[in-house]
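Below are the structure tokens for one structure; questions will follow.
Note that ligands are numbered from 1 as they come in the structure, with each ligand's atoms numbered from 1 the same way. Each residue takes its place number in the sequence, starting with 1.
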Amino acid sequence: MSPTGPVRLRVAPSPTGDPHVGTAYMALFNLAFVRQVGGQFVLRIEDTDRARYRDDSERQVYDMLTWLGLTWDEGPDRGGPYAPYRQSERLDHYRPYAERLLADGHAYLCWCTPERLAQMREAQQKAKQPTGYDRLCLGKTREQRAELPGFSDQAVVRMLIPDDAPLVFQDIIRGEVRAPRPDDQVILKADGFPTYHLAVVVDDHEMAITHVVRGEEWISSTPKHVLLHQWLGLPLPAYAHMPLLRNTDKSKISKRKNPAARLTWFREQGYLPEALRNFLALVGYSMPDGREVFSFAEMIESFDWHRVNTVGPVFDLDKLAWLNGHYVRALSVDDLAGRVTEHLVLSGVLPAEPTAAQRDLGRQATPLVQERMQLLSEAEGMLAFLFVADDDLQVADDAAASLREDAPAALDSSITALRGLDQWVAADIEAALRTALVEGLGLKPKVAFGPLRVGVTGRRISPPLFESMQILGRDSSLARLSALRHRLG
Ligand code: GLU
């Protein structure tokens, strides 16, 4: 039996801290298909694992998916015809299904304590036997079981996996997939919460999900889900298991080991959402013409499950940086200036509500850095000097160390020359300084302007000096040069 009606897909993250980059990757592929065929996309929050629950993580999921432009049609925040979309608000939905399975003999109660289960597992491992529940409770009444050791008052519900359980299922991307034989999986916990396996089947059914597109780590769970559907007489959704995102050494990307597993990291580092989207698409997908730079709209148009790559996609951050640089250069100056300003707010260089003057400064400075950066965070280093008070400008150690003996003389001549300028524009600033330092003091242009750069920006590397001075303004530029001159004695 196959579901009929409109195509409905979902992404179902668990709010266990900073959202994982895999959530965005799954949302992207779900959406590519949904938007192509004109169905609905559901965001469901799977928060039944209370031990791992983190308070603000649900909001972060919304924030990050919205930032990436991966938006959903139904979800806890916006409601929909199948609300509620948060599993903790659906607890009364799951028990009746578990009871039906018990009544039909497809499930049984288990009273084993966690300690007994741990000992059992240890003994199985020692004896090199396959691990799995040994069915001590199967066929026993509560009273019969209570007489044996390792009895807990609170029962869980386990699936009774039959010997002939179907282990092969059809996957849209992979074709026929064979999964290992499952254990007698717990589906309802002692606290009355469902485990993932029961909740996912019940919710996918009740929310009329037609396609389950998720990570390949769930392949081994799929036979359990197929069985639950069969036992409950529910139509089976189509399955597609996406290849996992992996580090260059092929290990799984984990939030504990890799900062790039956290979605917020990408925003903090100054990646653009369109670049990250393109990158995530490229990790698991190839365009018919092999193009590497493409928009989400183009991906949607061309989308075809057969072009999802199942062998060893690699998460190569150098590639992402390259892509990001590409998108940075393609933006209009106004657009980029807005994003640079946002990034400067995020990193604390600018206040939460920048003034009009600060915004204007950011706008003027953006063309100076557009060609020089890949990530927005690089703008932070290059432009921070514009947004500090003259007295607060820090001179970096390497910049101070780069000053030579002739720096005081160069600064004195520069200050005099700049004071005489009628107009404070880059071309005039440059001409005056060349005359004073190269012709006047006989300095090589390469070294002549070093002290000025250090004085004005506090750094050895900065956006073009004369333009920077123009934007910073006459008073600040002169005040900073004088301050450095004083420091040098
Ligand atoms: N809550 C699961 C996860 O976080 C969802 C898996 C699924 O899509 O079935 O990965």
Worksheet item: Does the side chain of Glu380 come under 3.5 Å of the side chain of Ser377 through a donor N or O and an acceptor N or O?
Response: no
Item to complete: Tell me whether the centres of the aromatic rings in Tyr25 and Phe29 are closer together than 6.0 Å.
Response: yes
Discussion item. Under a plain distance cut-off of 3.5 Å, with no hydrogens placed, do Thr222 and His241 share a side-chain donor-acceptor pair?
Written reply: yes
Item to complete: Check each protein residue for a heavy atom under 4.0 Å from ligand 1 and list those that pass, ordered by chain and number.
Response: Arg10, Ala12, Ser14, Glu46, Tyr196, Val200, Arg214, Trp218
Discussion item. Measuring centre to centre across the rings, with the benzene-like ring taken for any Trp, is Trp218 within less than 6.0 Å of Tyr239?
Written reply: no
Discussion item. Check the orientation of His225 and His197. Use parallel for under 30°, tilted for 30 to 60°, and perpendicular for over 60°.
Written reply: tilted
Practice prompt. With sequence neighbours excluded, tell me which residues meet salt bridge (Lys or Arg N to Asp or Glu O under 4.0 Å) with Arg142.
Written response: Asp153
